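Each chain gets a letter, A, B and so on, in the order the sequences are listed, and its residues count up from 1. What you see is a predicted model, and the numbers here were worked out from it, not measured in a lab.
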Amino acid sequence: MTDHDIFAALRARTVALLAELLPDLPGEAFARVQMEPPRDPSHGDMATNAALVVAKQARQAPPRLAAALAERLAALPEVESATPAGPGFVNLRLRDAFLLAQVPVILAEGERYGDGQAGAGRRVDVEYVSANPTGPMHVGHCRGAVVGDALANLLAKAGWAVTKEYYVNDAGAQVQALGYAAYWRYLQALGTSMGEEAFAAQVPGGLQYRGEYLIPVGEALRQRFGDSLARRDEVHGFAMRPPAEWLGTVREFAVGRMMEMIREDLAALGVFQDVFVSEAELVRAGKLEQAEALLADRGLIYRGVLEPPKGKTPEDWEPREQTLFRASQFGDEVDRPLRKSDGSGTYFANDIANHLHKIERGFAELVHVWGADHGGYVKRMQAAVAALSGGTVPLDVVLTQIVHVVKDGQPVRMSKRAGTYVTLRDLIDEVGRDAVRFTMLARKADAQMEFDLDKVVEQSRDNPVFYVQYAHARIRSVLRQAGDPPAGDLTLAPLGSLTEPAELALLRRLTTWPRIVEAAALAREPHRIAFFLHDLASDFHVLWNKGRDDATLRFIRADEPEATRARLALVAATGTVIRSGLAVMGVTPVEEMR
RNA sequence: GCACCCGUAGCUCAGUUGGAUAGAGCGUCGGCCUCCGAAGCCGAAGGUCAGAGGUUCGAGUCCUCUCGGGUGCGCCA
């Protein structure tokens with residue numbers, strides 16, 4: 001039990017008092033009662049809309065009800081004053097002693113401060129990254145990886161039981177193409193004299209994935225299989241055997257190598273997922289047929305012909321009969337194909353199998369992080385999950401927008417051919433893991449983002465990574481200077497000397513941390529953590545700078561050991577909350593700036 | 001053509017899921033280093049929340065329409 005949200009506590013008090021005032025109202029009447037920090041600090045520490053939201057049912061004028069409620073709230077030991085305001089708000093000013101009492105709470109809880117129960121221990125599966133295992137990760141994958149990882153951390157902090165999952169798309173045409181590409185590098189490793197284009201001409205769909213990263217895979221294939229997968233050829237030395245004899249083997253081998261590479265990339269980014277689910281294995285295990293049978297039992301599958309899309313009919317469109325899922329019964333615009341006209345499964349069908357697998361594992365909620373180009377796919381997937389689970393398992397999809405990389409004021413084009421392909425590893429090597437992670441979270445996921453390689457390493461105020469890290473470094477600097485007093489010692493410090501408005505403003509900010517965590521988790525918006533940390537860092541820097549103008553406000557005062565201890569406690573609590581927030585983001589707090 | 005996302009200060013973006021007089025950074029202008037770290041801080045100017053209706057005690061937030069930008073639209077994943 002680590003819920004120390006003072007807003008939730010005062011809200012509960014308010015509801016209880018209101019229930020006494022209005023004994024005839026049912027409990028549900030109070031559901032919309034809120035207790036939140038007012039936008040304008042001059043209104044006090046907290047404000048509640050309680051009188052407004054129950055006035056109608058109570059058949060009373062909001063201002064009158066607010067006045068009666070304020071009178072009772074004012075009598076609470078936590079409350080300094082309570083005043084009705086505006087159309088029916090009640091503004092609360094808290095006693096300093098109550099606020100100050102939160103400092104030892106934060107110190108005692110440590111980084112667990114802010115943990116909540118909004119998730120109530122429900123099991124949630126967060127699937128993210130899920131890049132095709134056909135090459136190294138590039139910056140396009142990076143945002144989803146960071147957002148997904150931070151979101152998973154956030155949900156865990158807010159009380160969900162989280163599984164971090166990677167869905168390996170190892171069953172489609174893409175990995176087939178990877179197999180051919182790896183085989184080409186294998187022939188090269190054997191020393192074939194065949195030209196690349198000559199080989200490409202023999203590959204259905206042409207040779208894709210020509211990047212150099214497959215050269216070691218070709219060499220590894222040679223070491224593992226010798227020349228047994230190739231055919232001796234008088235002209236070229238070695239040439240291609242019929243694909244049926246090697247394609248499965250090579251594909252599997254190559255996918256394995258790609259996944260190793262991707263996992264190394266993810267590790268460099270600080271992302272460690274719990275579960276890697278293979279699409280190919282799900283298919284092999286018959287999950288697709290199982291899901292189809294389940295939907296058929298519920299009468300949700302039929303044979304039919306889809307209408308062409310209105311307005312823009314594809315050139316080669318012709319009506320074909322397909323196996324369709326009644327997605328339109330679950331809020332989608334049209335029914336969606338499960339099988340192509342040749343009878344093989346669509347990607348959607350395999351994804352349904354994937355979701356059946358999740359539901360069978362007992363998750364109460366599903367979350368996905370997808371690129372925005374998959375936005376059109378959300379409704380049908382939600383429809384499928386609703387159908388499979390009988391509407392009991394919600395699926396939330398967080399979409400991440402494109403990241404434009406900029407260097408020297410110029411956009412960096414993402415082109416493999418031009419050699420300006422930016423891999424995730426390049427990015428991390430250039431600016432560091434923490435800067436990558438923080439920056440990716442410094443914007444709402446569904447907003448396009450410019451990633452300026454020069455700016456994220458810039459040491460200035462307009463670089464939020466730096467700004468927050470700098471606050472933490474200053475805090476560590478102060479504590480080191482004071483001989484690093486243990487938190488247990490500071491917990492006992494008398495705090496009555498903390499009366500400076502900037503000190504209390506900082507403390508007020510700290511007390512909002514639990515509700516920030518909860519709200520961000522419910523909204524599935526990890527970027528709010530980054531913004532909170534920026535605000536918190538700002539409050540701290542303000543206080544620090546007061547000490548420049550007024551020596552009596554410095555944290556360490558040789559002549560005032562008592563006041564020093566109190567301030568060190570506040571500073572230590574601030575450091576704790578910053579670390580707590582950075583932990584959600586997966587960013588390492590620094591001891592000093594270098 | 002249809003669906004989804006978006007439109008907030010000159011620029012980049014927040015806005016506590018319907019709350020009070022819409023905020024922050026950058027940029028601009030004006031101040032502040034004998035100092036526990038000035039890589040910083042304080043102050044000022046800057047707005048028809050794209051536009052028009054609607055819902056209600058209350059709308060940047062919800063609904064409808066219009067304008068503008070992005071993404072997607074059977075046999076790709």
Side-chain angles (χ1 to χ4, degrees), chain A residues 7 32 34 36-40 42-43 47-49 52-53 55-56 61-63 85-89 91 130 132 134 169 171-175 279 305-314 316-320 322 324 332-337 339-342 344 346-348 350-351 371-379 399 401-402 442-444 446-450 452 458-464 466-467 470 473-474 477-478 480-482 512 515-516 518-520 522-523 525 527-528 530-532 534-535 538 541-542 544-549 551 554-558 592-593:
Chain A
F7 291 86
R32 289 176 55 224
Q34 294 176 356
E36 42 188 19
R39 285 186 175 162
D40 185 344
S42 72
H43 289 146
T48 180
N49 61 355
L52 282 166
V53 298
K56 192 171 270 181
F89 290 100
N91 292 331
S130 300
N132 285 338
T134 53
N169 290 124
Q174 306 286 339
V175 288
E279 179 183 8
V305 180
L306 285 176
E307 297 277 314
K310 289 219 163 56
K312 198 194 107 192
T313 306
D316 57 345
W317 196 90
E318 52 182 284
R320 297 255 171 91
Q322 297 170 299
L324 300 173
D332 202 358
E333 287 89 41
V334 294
D335 295 336
R336 302 290 180 178
R339 291 186 182 278
K340 307 171 191 174
S341 45
D342 67 2
S344 62
T346 58
Y347 176 78
F348 179 51
N350 281 356
D351 225 3
D373 54 341
H374 287 64
Y377 202 69
V378 172
K379 275 191 182 176
L399 299 177
Q401 270 290 353
I402 305 284
R443 201 118 305 176
K444 209 160 41 174
D446 193 25
Q448 289 192 14
M449 182 168 75
E450 204 167 83
D452 190 323
E458 195 175 287
Q459 305 209 324
S460 73
R461 169 87 210 238
D462 62 328
N463 179 1
F466 170 79
Y467 192 66
Y470 186 39
R474 277 181 153 174
S477 167
V478 170
R480 276 196 304 272
Q481 190 122 351
T512 64
R515 66 192 305 279
I516 295 285
E518 178 173 319
L522 289 172
E525 291 185 349
H527 75 277
R528 294 192 193 189
F531 281 95
F532 168 80
H534 189 269
D535 290 342
S538 174
H541 287 308
V542 166
W544 174 287
N545 286 293
K546 294 262 185 204
R548 215 192 336 273
D549 303 328
R554 293 182 194 164
F555 298 127
I556 299 172
R557 296 180 59 195
E592 55 184 347
M593 305 304 289

What's the CG-P distance between A/N49 and B/C57, to the nearest Å?
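Distance, rounded to whole Å: 14 Å.
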
May I have the distance from A/Y467 (atom OH) to B/G40 (atom P), rounded to whole angstrom?
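That distance rounds to 9 Å.
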
Quantified in whole Å, what is the C1' atom distance between nucleotide B/A59 and nucleotide B/C2?
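Taking atom C1' in both B/A59 and B/C2, they lie 29 Å apart.
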
For B/G72, is there a stacking contact with A/H374, counting only centres under 5.5 Å and planes under 30°?
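Taking the rule of under 5.5 Å and under 30°, the ring of A/H374 does not stack on B/G72.
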
Return one dot-bracket line describing RNA chain B 5' to 3' (Watson-Crick or G-U wobble pairs, both distances under 3.5 Å; ( ) same strand, [ ] crossing, | another strand, . none).
(((((((..((((.....[...)))).(((((.......))))).....(((((..]....))))))))))))....

Could you pull out all residues at least two apart from [X] that satisfy side-chain contact (heavy atoms from CB on, under 4.5 Å)?
| X | value |
| --- | --- |
| A/R443 | A/R143, A/A447, A/M449 |
| A/E333 | A/R336, A/K379 |
| A/V305 | A/P319, A/E321 |

Going 5' to 3' along nucleotides 11-17 of chain B, which nucleotides have protein heavy atoms under 4.0 Å from the base (write B), which only from the sugar-phosphate (write S), and which from neither (write -)?
-SSSSBB

Taking only residues two or more places apart in sequence or in another chain, which ones pass side-chain hydrogen bond (donor to acceptor under 3.5 Å, both in side chains) with [X]?
| X | result |
| --- | --- |
| A/E525 | A/R528 |
| A/E279 | A/N169, A/N350 |
| A/R515 | none |
| A/N91 | none |

Just N and O in the side chain of A/K56: are any of them under 4.0 Å from OP1 or OP2 of B/C57?
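Answer is yes, contact under 4.0 Å.
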
Mind checking if A/A473 touches a base, just sugar-phosphate, or nothing, with heavy atoms under 4.0 Å?
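Result for A/A473 = nothing.
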
Donor-acceptor pair (no angle test) under 3.5 Å: A/N91 side chain, B/A20 base:
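In this structure, the two groups form a donor-acceptor pair.
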
Is any N or O donor-acceptor pair between the side chain of A/R554 and the base of B/C35 shorter than 3.5 Å?
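Result: at least one qualifying N/O pair found.
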
